[in-house]
Amino acid sequence: MKEYAYFPGCSLEKMAVSYHQSTLETTKKLGIKLKELEDWNCCGATTYFYIDELLAYTLCARNLAIAEKTGLDVVAPCSACYKNMFFTAAHLKTDADLAEHVNFALEEDNLQYNGGVNVKHLIEVFAHDLTPEEIKSKVTHPLEGVRVAPYYGCQIVRPQKGKEDVEQPQFFEGILEAIGATPVNYPLKMRCCGGSLIISSRTAALTMVRNLLKSAVDSQAQVIATACPMCQVNLEVYQQQVNLEFGTDFNFPVMYFTQLIGLAFGIPPKKLGIGKEFVAVLPSLVPAGKK
Amino acid sequence: MSDKPETKQFEPTIIGFTCNWCSYRAADMAGTARMKYAPNVRLIRLMCSGRLDPMFVFKAFAGGADAVLISGCHPGDCHYINQNYKAMRRFQLMKRVLAQLGIEPARLKLLWASAAEGAIFASEITKFVEEVRALGPLNFNATGFENQPKVEHKEVPA
Amino acid sequence: MTDTLSFNQEISNLLYAAEGEPLQTCIQCGTCSGTCPVAPFMDYSPRQIIALINAGNKEAVLESNTFWYCASCYHCTVRCPQEINITELMYALKRYSIWKSQHQEGLIGPTFSEAFVKMIVRGGRSFEPILAPSYIFSFNLRELLTEVTGATELLLKGRLPILPARIKRLENFKRMIGRIIPMGGLE
Amino acid sequence: MEKKEKIGVYVCHCGTNIAGVVNVGEVSTWAAENLKDQGVVIARDYKFMCSSLGQELIQKDIKELGLTRVVVAACSPHLHEATFRNACKGADLNPYLCELVSIREQSSWVHTDKVAATEKAKALISGGVSRVVHHEALEPLHVPIHPATLVVGGGIAGIQAAIEIADAGFQVYLVEREPSIGGHMAQFDKTFTTLDCSACILTPKMVQAGNHPNITLLTYSEVEKVDGYVGNFVVSIRKRARSVNEKDCTGCGICWEKCPKKVVDNVYEVGMGTRKAVYVPFPQAVPKYPVIDRENCTYYIKGTCKACEKFCPTNAINFAQEDEILNIEVGNVILATGYDAFDAHRITQYGYGRLANVFTSLEFERLSNAAGPTGGNIVMRDGKTTPKVVGIVHCVGSRDKNYNEYCSAICCMQSLKFAHLVHERTGAEVYNFYIDIRTPAKGYEEFYHRLLEEGTHFVRGKVAEISDAVRLPGEEGKLIIQVEDTLTGNQLRVPVDMAILSAGLEPRADAKEVAKKFGISCSADGWLIERHPKLDPVSTVTEGIYIAGCVQGPKDIPASVVQGAAAAARILGKIQQKEVLLEPVRASVNQDQCSGCRICNNVCPFNAILFHEDTMVSEVNPALCQGCGTCVAACPAGAISGTGFSNLQILSQIDGLLMLNIPRKEAVV
Amino acid sequence: MSKPKFAMYWAASCGGCEIAVLNTNEKILDVDANFEVVFWPVAMDAKYKDVEAMEDGSILLTLFNGGIRNDENEHIAKLLRKKSKILVAFGSCACEGCIPGLANFSPSRDITDTAFSTISTDNPDNVRPQTHYMMPEGEITIPTIYPVLRTLEQVVDVDYYMPGCPPESHQIAAVIDLIIQVLQGKAELPPKGATIGAGNSTVCDECKRKRNVKLIKEFGRIQLMHADPDLCLLEQGIPCNGPATRSGCNARCPSAGAQCIGCYGPAEGVQDYGSRLIAAFASVIDSEKPDEIDKILDGLVDPAGQFYRFNLAGSMLRAGKSAKVSGD
């Protein structure tokens with residue numbers, strides 16, 4: 001049975017609690033054990049790096065150090081957390097000087113990081129650690145004919161090179177196919193949603209949301225699937241804002257990929273946190289045309 | 001025999017081995033471009049770093065050199081296809097032996113320099129000279145190795 | 001060897017050592033700016049910022065909104081033909097501008113991030129990297145959405161009506177941070 | 001040493017180049033006094049040793065003082081070693097008994113502290129003296145040259161080289177992997193800047209090569225193995241079975257007319273057109289004989305059909321034909337194996353393969369070629385629509401560390417050519433997206449200006465991405481090229497109907513194996529390395545192996561022709577000499593001391609060391625040996641010695657160099 | 001007429017050489033038959049003063065085994081040189097330092113420390129040997145230890161070298177025969193400085209094992225692996241010194257299934273034994289990646305010991321005096 005250390009990250013505590021729930025439900029079904037890190041702290045999102053790089057690395061390192069004690073790979077469902085932890089781990093491996101500083105600070109919490117942790121994004125667990133067959137085997141209600149727009153966003157594959165095709169990856173599609181859905185190919189699946197700008201540069205962010213939604217709509221998708229709380233909120237919650245700003249009339253459902261998987265596994269929507277959305281999702285999940 | 005002058009500023013003597021095609025030409029290049037570097041290194045031209053016999057290095061140390069520089073073409077660019085890799089292997093093994101013989105491995109340096117890298121060659125030499133200066137004289141020759149750093153005796157498992 | 005660093009050097013020093021090629025290798029091809037989803041909103045395109053840095057035009061750079069508008073999507077970074085880590089550069093500029101407390105008037109970014117970090121330094125967890133949605137589910141949406149920026153001010157005044165989560169070993173945590181930046185530094 | 005050597009030391013001022021920093025007078029008197037024991041009988045300093053007067057000075061001493069060794073302290077041996085060796089030769093002293101010590105490049109030019117520089121000069125000379133004592137008189141090796149030449153690769157560079165040598169009256173074997181010679185040039189439509197049709201200028205040369213009495217054409221063939229050394233290579237070549245008897249075939253074409261099996265042509269037509277299972281790649285193919293493509297031929301798959309055989313008027317079809325292995329002897333080899341076009345699929349954001357109307361440069365060549373799949377009509381993938389707006393993307397896969405760091409040299413001009421053709425044939429709006437326009441050859445810049453006059457748009461910016469993401473009105477159904485116009489700083493979205501990716505040049509996929517096969521080396525990015533980038537661009541580190549055309553690096557047709565001819569000229573020179581002289585710096589095995597441990601056997605990349613199973617000793621073939629000395633150092637029994645760089649020479653040089661140590665600065669100031 | 005005089009001395013060495021001489025069995029009688037043994041502390045009682053009393057050059061043949069570790073060794077070496085026509089460096093210790101020479105790895109203070117104040121030594125008051133010590137009976141002295149062990153040739157001029165640890169008895173017998181034949185005018189002495197009682201090539205020459213082109217991915221220790229009995233040991237990754245070691249022992253160790261450890265010293269013309277092996281071993285390592293190479297080299301535990309077990313005192317780097325280039 002697969003087991004991972006689990007770093008939910010701040011958003012999943014409240015805002016994206018449905019992502020949290022659906023993650024636990026689906027992984028449970030697949031016989032994957034997620035061990036939440038004890039007393040984890042915020043990864044710092046992007047903002048720490050604005051202020052003090054070393055501090056930012058230290059915060060991530062604290063979580064890594066805690067994870068290291070479990071001896072497991074650590075999984076983060078949030079792309080921002082994932083990216084921060086991934087690169088902190090990478091740098092701490094190669095840069096002894098940085099590691100020394102960081103460990104000096106960690107002493108205060110009786111922690112030490114020795115560079116032994118593997119950081120994974122939740123979606124990598126589904127895409128790489130599990131075979132499509134393993135996922136298929138649990139599907140009871142395949143999402144036949146449902147056109148889903150897989151939204152990668154930024155930090156799942158960027159800036160790592162070599163690991164995946166950073167411009168046109170296919171693993172998200174793979175997961176959707178495994179649960180019977182029809183992934184649509186739309187040009188902006190790799191584009192940024194502007195999440196981190198929504199406060200500081202609202203117009204820019206809203207424009208980016210607009211472009212993304214349009215691209216998804218143009219591709220006759222019925223729902224967008226995301227693997228990041230930032231993206232979900234940004235794409236969904238701000239639709240009204242976009243409509244106000246640009247006179248559009250978007251009312252487009254945005255779900256976590258784990259919720260879709262959960263539905264395909266026949267897990268009751270409530271358990272997957274479905275129902276808290278701005279745009280009701282269930283109605284849209286009927287095969288295209290049958291609406 | 002080598003009488004190191006008693007001065008605040010210790011001037012190390014360094015023997016350098018270059019290959020005929022890349023590193024020696026790098027030295028030429030440094031010359032034609034009038035780049036300045038420390039005068040402590042005296043070069044010996046070999047056809048290829050692959051010609052480097054560990055004996056040459058030991059001889060240099062025994063003869064009073066404070067350090068030895070080995071330089072050749074960049075890996076992959078060897079004029080003789082891949083002989084510089086052989087030099088690299090010998091270098092790695094030599095370092096181990098030197099350490100056991102009580103000579104700081106840092107006194108042996110391997111430097112890849114292409115014919116175009118006169119600047120690198122020059123700056124690396126100056127850097128190396130500084131490093132060796134920091135290590136101090138080797139005073140190896142004669143019986144005077146009493147003042148060598150204590151040798152680490154490796155435990156040999158049965 | 002001059003003892004006063006050029007602007008380019010200062011910024012390069014702020015770039016994390018292991019991150020890509022130095023700025024002066026930029027060939028000004030514009031891939032970054034052609035790629036950037038936010039470029040149309042920036043005073044200067046990322047490419048121009050690099051040019052300005054290399055030209056030593058510190059004022060123009062710090063006065064621009066460019067790096068505050070960077071969404072850190074890393075698209076430029078993966079495409080840069082010279083493998084310059086442009087996103088990290090933008091981070092570096094943010095740090096530099098906060099450090100020198102010199103930035104364009106009326107930008108929300110700088111003040112926001114300071115407040116944000118203070119909060120986490122205090123609590124160990126953020127109640128939401130994006131503010132608004134945190135209380136979406138409990139508060140009147142319309143009101144909130146029309147006043148996102150207002151909300152920011154609320155936060156800045158520390159009068160936001162929800163409590164951030166806190167970690168258990170908060171004291172250790174604070175001392176830990178203390179080893180990196182004296183607490184005074186951000187308080 | 002039983003007999004004491006008489007050594008002369010000559011210190012050059014090189015004007016002030018050396019004398020300005022090194023106290024040459026002091027150096028020479030020092031040498032005369034302190035190097036007596038090593039055998040120095042005379043030491044002089046002179047303004048310009050390399051001048052005829054300076055050389056005479058040496059020769060005079062050799063004669064009058066009976067010098068047996070000469071040490072010249074001057075510039076780098078790479079500059080004047082030959083000069084002074086010849087001077088010695090002139091005075092009947094074996095040239096290899098002369099040692100050149102570089103006190104210019106290695107002392108006066110690189111040091112400012114005069115005392116230190118002078119002392120270093122002394123040390124270097126003392127090293128040279130101790131070394132020269134152990135020099136031996138050497139004779140260069142004489143190796144006869146076989147007059148025939150092998151040319152690998154039948155592109156324009158190879159064809160040119162072959163014709164030059166053949167015209168001079170010597171035998172040439174021209175080996176080509178494909179069924180016809182012609183190479184990439186045969187695929188092109190027009191050639192920049194003159195815009196004359198590629199086929200029109202290439203075909204005559206192909207025919208000439210095909211009919212030349214001195215050229216043996218080996219198409220559909222590949223080199224399997226290379227043995228031997230300069231002047232005496234033995235090359236085995238696999239001549240793949242054409243399934244057609246060349247002596248009977250007239251090339252009438254009935255077979256491919258009748259062949260029922262259509263195959264997509266991924267080589268010549270880059271997937272844009274089809275050919276038959278029995279085919280000649282293109283109408284002007286040389287030789288004219290077709291080949292049967294056994295992967296696709298129905299007979300080889302199903303065992304039936306044989307249409308070609310039935311209809312062949314001369315019964316030339318031979319299904320049973322087998323590959324032949326030919327072993328040929330040649331004196332020299334020219335490698336002209338060319339390049340591969342960069343695979344545009346790799347830059348996914350440009351959408352090639354995903355977005356129908358993104359074309360590569362080679363595809364466009366076929367598109368605009370009158371003999372191509374569309375008969376020269378520049379149309380979109382649907383095969384009919386003429387594009388109204390065309391975007392040409394420069395530097396695809398070039399000048400980009402994610403792919404190839406180098407500039408592919410030809411893309412700018414090729415893109416300009418495309419722009420012109422599109423404009424001329426379709427009247428479409430043409431956009432060129434470039435980082436820099438590079439037109440560094442005769443008539444190129446003028447061609448660029450001509451394009452400017454034609455009203456082609458030039459946008460300075462590397463294209464970020466090509467997509468079908470419609471955002472603004474007017475973008476529907478178009479390809480959107482997103483780019484920063486770096487001259488205005490604006491991010492542009494340019495809607496086009498067709499995008500052409502000006503793909504760069506890459507080394508052949510098998511370049512590294514080819515290099516290994518011929519015992520030469522590739523640079524890190526895979527282009528074969530010339531002996532000297534400026535002064536010896538077509539020969540390689542392995543005597544007798546030459547390179548020409550794109551195999552050495554990206555270049556256009558004129559440059560490839562030049563290199564083909566240059567390589568030919570170099571070889572003709574060698575052939576005329578009837579024999580080559582090889583530097584006598586070689587390794588040799590002392591048979592009595594060798595105990596056949598075989599450690600040296602794998603250290604030689606030139607396979608110069610052979611092991612005699614019977615006598616259990618290893619031996620070095622002096623003609624194959626390149627003199628690197630690695631085996632000398634590797635021999636555990638000290639049984640291998642290397643002339644010119646013997647242990648004794650180098651150990652003595654070390655002694656000499658260490659004779660005195662660098663004095664403290666305080667001593668002078 | 002009196003028989004030519006013969007001497008044998010034992011300096012810093014283990015005594016194995018003396019045993020080897022006795023191992024020549026009845027050959028030893030020929031020695032007695034043809035020589036008058038004047039000085040051979042192991043075999044007969046003799047006093048230094050007797051030797052000192054002898055006429056210079058009055059001893060025809062002296063076999064000197066052992067290195068020069070202290071002033072006594074040096075004194076006797078010089079003495080015997082003076083008194084002998086032919087001085088033979090007998091055995092590895094005299095020729096190249098051998099096992100006692102391994103002391104040259106460390107300053108002599110470390111050695112005495114190791115000997116007198118390690119846990120294995122019961123020496124509570126940390127007593128150290130004194131070269132001079134007053135006793136009621138008078139002053140007693142012991143020789144002074146030198147900082148390094150030197151080979152015989154590093155102290156006095158040597159006529160012939162006879163390697164081996166110890167020299168093979170059949171080789172000793174051969175040498176005795178040779179000398180006797182010379183005495184009877186039936187043979188010529190080899191040129192001064194020659195190595196006698198050994199071959200001119202290397203152990204591989206006498207080794208029967210099959211050998212191919214060598215590519216080593218891993219060095220192993222023979223006791224930890226099952227070596228192919230017919231295949232070259234080095235090829236199997238076992239660090240065998242045969243390729244660099246002088247022949248003469250009939251490849252005793254390799255044919256007995258153990259790797260050659262090099263007791264017969266450097267092959268003819270080799271100036272630094274260890275260098276040869278470093279270069280040779282490194283050359284056959286099958287890797288171009290520094291890290292991988294280092295991993296492979298880790299298989300060579302104690303490389304310096306491997307390469308210089310017998311030759312350290314005679315080597316360029318640990319020679320008592322700076323190594324000389326043959327020919328100057």
Side-chain angles (χ1 to χ4, degrees), chain B residues 1-13 15 17 19-21 24-25 27-56 59-60 63-65 74 76-83 86-87 90 115-116 122, chain D residues 75-79 102 104-113 116-117 119-120 123-124 127 131 515-516 519-524 529 531-533 541 585 603-606 626-634 642 644-645 647 650-651 653-655 657-658 660-667:
Chain B
M1 61 170 202
S2 84
D3 35 79
K4 296 245 163 30
E6 319 311 325
T7 85
K8 301 140 239 74
Q9 166 94 318
F10 152 61
E11 289 292 349
T13 307
I15 296 292
F17 296 91
C19 73
N20 180 53
W21 305 99
Y24 193 88
R25 285 187 153 85
D28 282 355
M29 163 93 185
T32 20
R34 311 293 204 280
M35 299 159 176
K36 303 300 177 213
Y37 56 87
N40 308 50
V41 179
R42 296 155 191 186
L43 296 182
I44 293 178
R45 177 169 62 126
L46 305 172
M47 286 310 280
C48 175
S49 52
R51 174 67 181 90
L52 184 99
D53 190 319
M55 167 167 65
F56 300 163
K59 167 75 178 171
H74 282 276
D77 293 354
C78 179
H79 182 89
Y80 301 100
I81 317 294
N82 55 12
Q83 302 300 58
K86 280 123 191 164
R90 291 173 191 155
Chain D
C75 51
S76 163
H78 291 136
L79 227 64
S102 169
R104 190 179 74 176
E105 282 79 355
Q106 284 181 31
S107 186
S108 66
W109 273 355
V110 288
H111 306 320
T112 39
D113 175 345
E119 292 307 303
K120 182 173 175 181
L124 292 173
R131 187 189 204 281
K516 204 167 170 6
I520 64 178
S521 39
C522 284
S523 65
I529 298 178
R531 186 180 277 268
H532 188 287
V541 298
V585 174
V603 304
C604 181
F606 306 99
Q626 302 285 321
C628 69
T630 307
C631 58
V632 182
F645 291 83
N647 289 346
I650 290 154
L651 292 172
Q653 187 173 6
I654 296 173
D655 277 336
L657 288 174
L658 291 170
L660 39 85
N661 279 0
I662 298 167
R664 56 183 143 185
K665 293 211 172 51
E666 289 78 356

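Atom set for the values below is all heavy atoms of this structure, side chains included, hydrogens, waters and symmetry mates excluded. Proteins get letters first, then strands, A, B, ... in listed order; numbering begins at 1 in each.
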Q: Could I get the full list of ring pair (Phe, Tyr, Trp, His ring centres under 6.0 Å) partners for B/Tyr37, not counting sequence neighbours?
A: D/His111
(Q) Do D/Thr630 and B/Arg90 make a side-chain contact, defined as non-hydrogen atoms from C-beta onward lying under 4.5 Å apart? (A) yes
(Q) Heavy-atom pairs under 4.5 Å with chain D - which of B/Leu46, B/Ile15, B/Leu43 has more of them than the others? (A) B/Leu43
Q: Please report the closest heavy-atom contact between D/Gln626 and B/Tyr80, naming both atoms and the distance.
A: O-CE2, 3.5 Å
Q. Which heavy atom in B/Arg51 sits nearest to a heavy atom in D/Gly629, and how many Å separate them?
A. CD-O, 3.3 Å
Q) Short question: side chain of B/Arg42, backbone of D/Ala123 - any donor-acceptor pair under 3.5 Å? A) no
Q. What's the spacing between D/Trp109 CH2 and B/Met35 CE if we round to 0.5 Å?
A. 12.5 Å
(Q) At a 4.5 Å cut-off on heavy atoms, which part of B/Ala122 comes close to chain D: side chain, backbone, both, or neither? (A) neither
Q) For the candidates D/Gln653, D/His78, D/Arg104, D/Arg531, which exhibits the highest count of non-hydrogen atom pairs separated by less than 4.5 Å from chain B? A) D/His78
Q) Hey, mind stepping through D/Gln106 and B/Val41 against side-chain contact (heavy atoms from CB on, under 4.5 Å) and telling me if it holds? A) CA-CA 9 Å; D/Gln106 284 181 31; B/Val41 179; over 6 Å; no
(Q) Which atoms of D/Val603 are under 4.5 Å from chain B, going by heavy atoms: the side chain, the backbone, both sets, or neither? (A) both
Q. Rounded to the nearest 0.5 Å, what separation is found between the CG atom of B/Asp28 and the CG atom of D/Leu79?
A. 8.0 Å
**Q.** Pairs of heavy atoms under 4.5 Å with chain B: top-ranked of D/His532, D/Arg131, D/Lys516, D/Glu105
**A.** D/Glu105
**Q.** Stepwise side-chain contact (heavy atoms from CB on, under 4.5 Å) test for D/Ile529 and B/His79
**A.** CA-CA 9 Å; D/Ile529 298 178; B/His79 182 89; over 6 Å; no
Q. Nearest heavy-atom pair of B/Pro39 and D/Ala116: which atoms, and what distance?
A. CG-CB, 3.7 Å
Q) Taking B/Asp53, B/Leu52, B/Asn82, B/Ile81 one by one, which has the highest count of heavy-atom pairs under 4.5 Å against chain D? A) B/Ile81
Q.
Rounded at 0.5 Å granularity, tell me how far CG in B/Asn40 sits from CD in D/Glu119.
A. 12.5 Å
Q: Look at D/Thr112, D/Leu124, D/Val632 and state which one has the largest set of heavy-atom pairs under 4.5 Å with chain B.
A: D/Val632
**Q.** Segment of D/Ile520 engaging chain B (4.5 angstrom heavy-atom cut-off)
**A.** backbone
Q. Which distance, rounded to the nearest 0.5 Å, do you find between the NZ of B/Lys59 and the CD1 of D/Ile650?
A. 12.5 Å
Q) In terms of heavy-atom proximity below 4.5 Å to chain B, should D/Cys631 be classed as side chain, backbone, both, or neither? A) neither
(Q) Need one label for D/Ala634: side chain, backbone, both or neither, based on atoms under 4.5 Å from any heavy atom in chain B. (A) both
**Q.** B/Gln83 versus D/Cys628, closest heavy-atom pair with distance
**A.** NE2-SG, 3.3 Å
**Q.** Winner by heavy-atom pair count (cut-off under 4.5 Å) against chain D, out of B/Trp21, B/Phe17, B/Tyr24
**A.** B/Tyr24
Q: Apply salt bridge (Lys or Arg N to Asp or Glu O under 4.0 Å) to B/Arg25 and list each qualifying residue two or more places apart in sequence or on a separate chain.
A: none
Q: Give, for atom SG of D/Cys604 and atom NZ of B/Lys86, the distance between the pair rounded to the nearest 0.5 Å.
A: 8.0 Å
(Q) With a 4.5 angstrom heavy-atom cut-off, is it the side chain or the backbone of B/Cys19 that approaches chain D, or both, or neither? (A) neither
(Q) So, taking the atom named CD1 in D/Ile654 and the one named CD1 in B/Ile44, what distance separates them when rounded to the nearest 0.5 Å? (A) 4.5 Å
